[in-house]
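Below you'll find the structure, written out as structure tokens, and then a few comments.
Residue numbers begin at 1 in each chain, while the letters A, B, ... track the order of the sequences.
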Amino acid sequence: MLDLAFIRENPDLVRRGAQRKRIAFDVDRVLALDGERRRILLAQENAKAEQNRLGKQVATLQGDAKQEALARLKSLKEEGAGHEAALAPVMRELDALLRQAPNPPADSVPEGLTDADNVEVRRHGTAPAFAFAPKDHVDLMTARGWLDVDRAGRLGGSRSYILKGDAVLLEQAILRMGLDLIASRGFTPMSVPVLVKEAALVGTAYFPGAEEQTYKIENPTFEDQAAWLVGTSEVSVTAYRAGEILDAAELPLRYAGISPCFRREAGTYGKDTRGLYRVHQFNKVEQVIVDVADPERSRAHLEDIVRNAEDVLKALELPYRVVAVCTGDMGRGQVYKYDLEAWMPSRKGYGETHSASMFHDFQARRLDLRYRDKDGKVRVCHTLNNTVVATPRVLIAVLENHQQADGSITIPKALRPYLGGREAFAPPKA
RNA sequence: GGAGAGGUGGCCGAGUGGUCGAAGGCGCACGCUUGGAAAGCGUGUAUACCGGAAACGGUAUCGCAGGUUCAAAUCCUGUCCUCUCCGCCA
């Protein structure tokens with residue numbers, strides 16, 4: 001969410017930002033509503049002020065003077081009710097509009113419409129040149145009894161999967177390696193709720209917007225608001241300190257959330273239907289940073305969390321590239337966004353494995369996540385997040401890239417300590 | 001699922017109709033005191049919005065929503081959350 005005062009003072013910047021992101025947003029309507037709001041508010045508060053002043057005197061008054069005061073109070077009360085009635089629809093529309101306001105992208109964000117317009121920033125490693133016909137991860141896994149999609153479908157519907165045997169150990173090894181790496185860089189591991197109240201989704205700016213992509217709970221144990229399953233622990237971790245005024249001395253906060261993630265993937269019928277690329281439930285380690293409202297520091301954090309993710313991909317010995325997500329593909333809240341894409345032989349291309357977002361105060365304002373700076377002034381924080389590692393998608397890259405001519409799969413060195421020192425998975429039994 | 005207790009400022013905790021944005025304490029900041037420190041003393045210490053160049057003024061906020069009243073932290077209704085006990089279950 002943008003600050004209303006910011007929109008008031010920078011209407012052109014906001015308008016231009018919305019255009020660049022290809023998001024419809026009526027700045028003029030917001031300005032008109034804001035003016036209306038302030039006009040009514042002033043009248044309402046003046047009436048209320050007189051009411052309060054008079055009300056205090058009433059107790060000391062007698063006879064006619066008292067009756068007169070009471071009559072005046074009555075009319076003031078009616079006047080106040082009138083103002084309130086006039087204000088309500090203005091506020092309702094203004095709040096709704098404000099929640100839709102897109103955060104202007106940084107000047108350096110590449111222009112574009114879709115992910116096809118994203119710009120490659122750098123590339124690491126090269127796609128393996130197989131001297132044999134490489135198998136895709138589904139074949140590699142099925143041959144070993146590691147994957148059962150058919151029975152999973154019966155249990156959990158489409159886009160379900162069951163990992164078995166070494167695939168489970170490999171998955172856990174990858175998650176744990178990622179968690180250890182991020183923890184060693186000062187991020188506090190956090191195991192957080194995946195079942196959350198709607199406020200957390202609204203606060204992190206997923207709602208309104210992503211309701212269709214999110215699983216809603218039919219019978220939550222609380223009734224004050226809807227309950228949902230998060231699509232990423234970013235939601236829980238970023239909202240963790242919501243409503244607090246943080247001490248600048250404890251910033252930046254660095255958290256590493258670990259959780260299952262749930263996504264409905266509505267509207268993706270027929271897309272990525274084979275294998276583990278697009279599933280409804282997966283596991284992820286996520287990095288989140290909360291810091292002071294300083295664009296340069298935020299930018300430095302963004303580069304840091306991208307580097308952390310790159311180091312995970314390097315540890316997995318995967319070729320990858322970093323892309324700067326273009327204006328049309330980046331979403332309402334982000335000021336800048338990088339995707340990291342690992343090489344996936346079966347896709348004959350790079351597939352997204354990480355997504356790093358810099359929000360400035362967009363999420364924090366909704367979350368009411370603030371801090372007191374050196375001068376004692378309360379300010380809204382900046383937030384960022386990025387994947388550390390997510391499975392099973394990354395399994396695709398790991399298994400496919402590391403398959404050998406003899407049918408074995410080499411285990412990246414960084415994972416071996418987590419797999420009892422094994423160096424490779426043997427070829428499947430004939 | 002059943003029974004009970006409770007939700008007040010950064011924290012503890014007082015407050016049952018106006019003088020309460022809220023006593024007192026702790027914490028924190030600044031100052032005095034001191035060779036230095038502690039103790040002691042003094043002063044200050046919420047957030048949002050509106051108006052104002054500013055000084056400052058106004059409005060709102062005692063879990064949340066609504067009601068009674070000229071006036072609500074205080075009375076009424078609903079609701080959410082937390083805790084304790086019983087039951088059930090992992």
Gap between atoms CG and C1', on A/L70 and B/G18 respectively (whole Å): 14 Å
Interatomic distance at C1', B/G13 relative to B/A23, whole Å: 10 Å
Secondary-structure stems, RNA chain B, at least 3 Watson-Crick or G-U base pairs under 3.5 Å: B:1-7 with B:80-86, B:10-12 with B:24-26, B:27-32 with B:40-45, B:46-51 with B:56-61, B:63-67 with B:75-79
Distance, rounded to the nearest Å, where A/R370 contributes CZ and B/C49 contributes P: 9 Å
Residues within residues 25-56 of chain A bordering RNA chain B, heavy-atom distance below 4.0 Å: A/R37, A/R38, A/L41, A/L42, A/E45, A/K48, A/A49, A/N52, A/G55
Strand contacts (RNA chain B) in residues 76-96 of chain A, 4.0 angstrom heavy-atom criterion: A/K77
A/H360 and A/N103 side chains, donor-acceptor separation under 3.5 Å: no
Results of ring pair (Phe, Tyr, Trp, His ring centres under 6.0 Å) for A/Y277 - residues two or more places apart only: none
Residues forming a salt bridge (Lys or Arg N to Asp or Glu O under 4.0 Å) with A/R264, sequence neighbours excluded: none
Presence of salt bridge, A/E50 and A/R72, under 4.0 angstrom: yes
NZ/NE/NH1/NH2 to OD/OE distance under 4.0 Å, A/D139 and A/R274: yes
Rounded distance (Å) that lies between atom P of B/U47 and atom CD of A/E244: 15 Å
Counterpart residues, side chain to side chain contact (heavy atoms under 4.5 Å, CB included), relative to A/P417 (two or more places apart): none
Rounded distance in Å - CD (A/Q57) to C1' (B/C70): 12 Å
Spacing between A/R365 atom CZ and B/U47 atom P, to the nearest angstrom: 17 Å
